[in-house]
Number of protein chains: 2
Amino acid sequence: MTRSGQPEEGIRVAVSTAILTLRRDGAQAPRIALPLVRRTRDPHAGAWALPGGWLDTREGLATAAARTLAETTGLAPSYLEQLYAFGAVDRSPSRVVSVVYWALLREEDALGAAAQENVHWFDATDLPELAFDHARIIEYALWRLRNKVGYSRVAQGFLPPEFTLADLREAYETILGRKLDPANFRRQVDATRTLIPTNAFRTGNHRPARLYRDATDVELADRGPLSPEETRTS
Amino acid sequence: MTRSGQPEEGIRVAVSTAILTLRRDGAQAPRIALPLVRRTRDPHAGAWALPGGWLDTREGLATAAARTLAETTGLAPSYLEQLYAFGAVDRSPSRVVSVVYWALLREEDALGAAAQENVHWFDATDLPELAFDHARIIEYALWRLRNKVGYSRVAQGFLPPEFTLADLREAYETILGRKLDPANFRRQVDATRTLIPTNAFRTGNHRPARLYRDATDVELADRGPLSPEETRTS
DNA sequence: TCAAAAGTGTTGCTGTTACACCCATGT
DNA sequence: ACATGGGTGTAACAGCAACACTTTTGA
């Protein structure tokens with residue numbers, strides 16, 4: 001095959017997504033959870049896998065990620081970013097190129113979605129046996145999230161439109177796996193000038209906490225010269 | 001099409017690479033240059049494009065990137081990393097998914113390669129009219145390089161195995177587009193403990209400069225849980 | 001009034017920047 | 001000897017971590 005020639009045959013392109021959200025059991029600290037689907041066919045029938053599907057010839061990659069996500073789990077993420085394209089020949093018996101996305105989901109949206117057959121939520125630190133190399137892919141997605149939280153506002157993808165600094169700090173703590181100093185955390189986030197204080201407070205057991213919302217019209221993460229991909233299905 | 005169903009048809013997968021190297025005209029400061037190939041067919045016949053080719057069904061993505069690179073330009077990069085997978089429907093009349101890599105090439109290797117027909121080198125800041133969205137892709141590759149140079153040793157991908165700190169600093173300065181303080185630069189790089197001083201010096205016009213080599217068996221850039229892809233063609 | 005979270009102040013540490021200065025070589 | 005890049009020293013500054021402290025509420 002030469003450079004300018006056409007390939008003899010096409011290759012099947014799969015799109016799948018690691019959807020991360022926060023989940024809390026009772027009053028404990030939240031944990032990162034993600035939905036997996038049980039495979040019904042070989043290869044790896046019976047094993048759990050990232051939700052996804054085949055790329056249709058009439059749609060873009062990000063659109064396909066959002067579509068297959070909705071079809072398999074009924075979920076609509078608040079943040080979606082391409083993770084990596086995998087294409088080793090030994091990943092599957094028949095040749096497949098797999099473009100993987102990672103997504104963040106608001107806690108409330110995860111609860112609101114109807115439970116679906118063959119879809120289960122797993123704690124990211126306690127995963128079942130996974131199909132293909134999906135275990136490593138999830139590791140990579142979590143690594144990317146931990147990294148990105150350090151220099152962007154992605155953590156807000158876990159939160160509702162209005163939230164307290166304690167909410168935000170809790171999300172950071174869950175992602176990073178360590179406690180953060182509330183005083184320093186406050187100063188650091190408002191040094192970024194990306195949070196807009198509202199006049200509302202969350203009243204609870206103690207001193208009320210001011211609610212913030214994120215600056216609108218600003219992407220949660222800087223993707224450089226690449227504009228965020230279109231994810232509308234229309 | 002349902003999740004578990006097979007796609008009706010395969011999709012052609014293209015692999016192309018933005019190959020960056022340093023190039024100097026006379027005694028001036030070096031600039032980033034990259035090779036482009038002139039397209040001989042539609043779409044965009046006559047326009048310049050990133051070197052690449054079609055993914056063969058029997059090879060991995062990174063292998064295909066290295067192979068098509070060698071076939072179209074005769075070059076073998078010192079560093080190769082996946083950049084992004086593009087798949088918007090309107091990129092090409094017929095549906096194509098394009099997996100783009102970016103690579104670094106040692107200055108010497110660029111000069112050593114025989115000049116090939118339809119391959120020309122361009123200054124990264126002075127590009128011709130490019131096919132598809134390749135102009136934006138090159139912007140993205142340069143952005144990634146600028147970013148990565150801040151927290152990794154990728155810049156050494158431009159340099160021969162042994163180099164002086166001035167060589168390395170010059171590479172950084174070219175990538176970042178600004179002068180760096182030699183004194184501070186020295187301290188910063190040896191704080192990373194990744195450079196091994198040799199007993200050799202480069203003797204020239206002034207005080208001889210010690211030659212360094214990079215710590216072997218260490219990847220130039222941290223890619224997280226993803227092990228570097230195999231690029232051997234065998 | 002007390003516990004606990006919200007929020008402010010302050011101090012010491014660490015890494016960076018700027019730049020003065022000495023060293024070693026070719027011309 | 002002197003110009004020039006190699007290489008060291010150091011003081012000022014900025015950002016961050018640690019933690020003492022004040023404020024405001026519910027119980």
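Chain letters run A, B, ... following the sequence lines, proteins first and then strands; every chain starts at 1.
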Would you kindly give the [atom1]-to-[atom2] distance between [X] and [N], to the nearest whole Å?
X	N	atom1	atom2	result
B:R210	C:dT25	CZ	P	12 Å
A:L165	C:dA4	CG	P	21 Å
A:D190	D:dG15	CG	P	14 Å
B:F201	C:dG26	CZ	P	13 Å
A:L168	C:dA6	CG	P	12 Å
B:F185	D:dG5	CZ	P	17 Å
A:R186	D:dC21	CZ	C1'	15 Å

| message | So does B:L226 get a backbone contact from the side chain of A:R136, meaning a donor-acceptor N/O pair under 3.5 Å? | response |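 Pair absent, no side-chain N/O of A:R136 close to backbone of B:L226.
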| With distance as the sole test, does B:Y101 use its side chain to make a donor-acceptor pair with the main-chain N or O of B:A62 at under 3.5 Å? |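 Looks like yes, one N/O pair under 3.5 Å.
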| request: To the nearest 0.5 angstrom, please state how far the CG atom of A:D109 sits from the CG atom of A:L104. | output: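 A:D109 CG to A:L104 CG: 11.5 Å, rounded to 0.5 Å.
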| query | In Å and rounded to the nearest 0.5 Å, what is the CH2 to CG distance from B:W143 to B:L83? | reply |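 Between atom CH2 of B:W143 and atom CG of B:L83 there are 10.0 Å.
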| A:W102 pairs by ring pair (Phe, Tyr, Trp, His ring centres under 6.0 Å) with which of A:Y140, A:Y79, A:Y84? |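 Single pass found, and it is A:Y79.
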| Under 4.0 Å between a Lys/Arg side-chain N and an Asp/Glu carboxylate O for A:R24 and A:E107? |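 Salt bridge: yes.
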| request: For A:R202, answer base if it contacts any base atom (sugar-phosphate contacts may also be present), sugar-phosphate if it contacts only those atoms, and nothing otherwise; contact means non-hydrogen atoms under 4.0 Å. | output: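 Nothing: the residue A:R202, judged by heavy atoms under 4.0 Å, touches no strand.
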Please list, pair by pair, any protein nitrogen or oxygen found under 3.5 Å from a nitrogen or oxygen in nucleotides 25-27 of chain D.
{"from": "D:dG26", "atom 1": "O4'", "to": "A:N205", "atom 2": "O", "distance (Å)": "2.7"}

| Residues A:N147 and A:R144: side-chain donor-acceptor under 3.5 angstrom |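 Judged by distance alone, the side chains do not pair up.
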| Mind checking what makes ring pair (Phe, Tyr, Trp, His ring centres under 6.0 Å) contact with A:F163, not counting sequence neighbours? |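 Not a single residue meets the ring pair (Phe, Tyr, Trp, His ring centres under 6.0 Å) criterion with A:F163.
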| Sugar-phosphate or base contact per nucleotide [nucleotides 12-18 of chain C; S, B, -; heavy atom under 4.0 Å] | -----BB
| task | Among A:T125, A:D126, A:D25, find the one that has a side-chain hydrogen bond (donor to acceptor under 3.5 Å, both in side chains) with A:R31. | result |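 In the set A:T125, A:D126, A:D25, the residue that makes a side-chain hydrogen bond (donor to acceptor under 3.5 Å, both in side chains) with A:R31 is A:T125.
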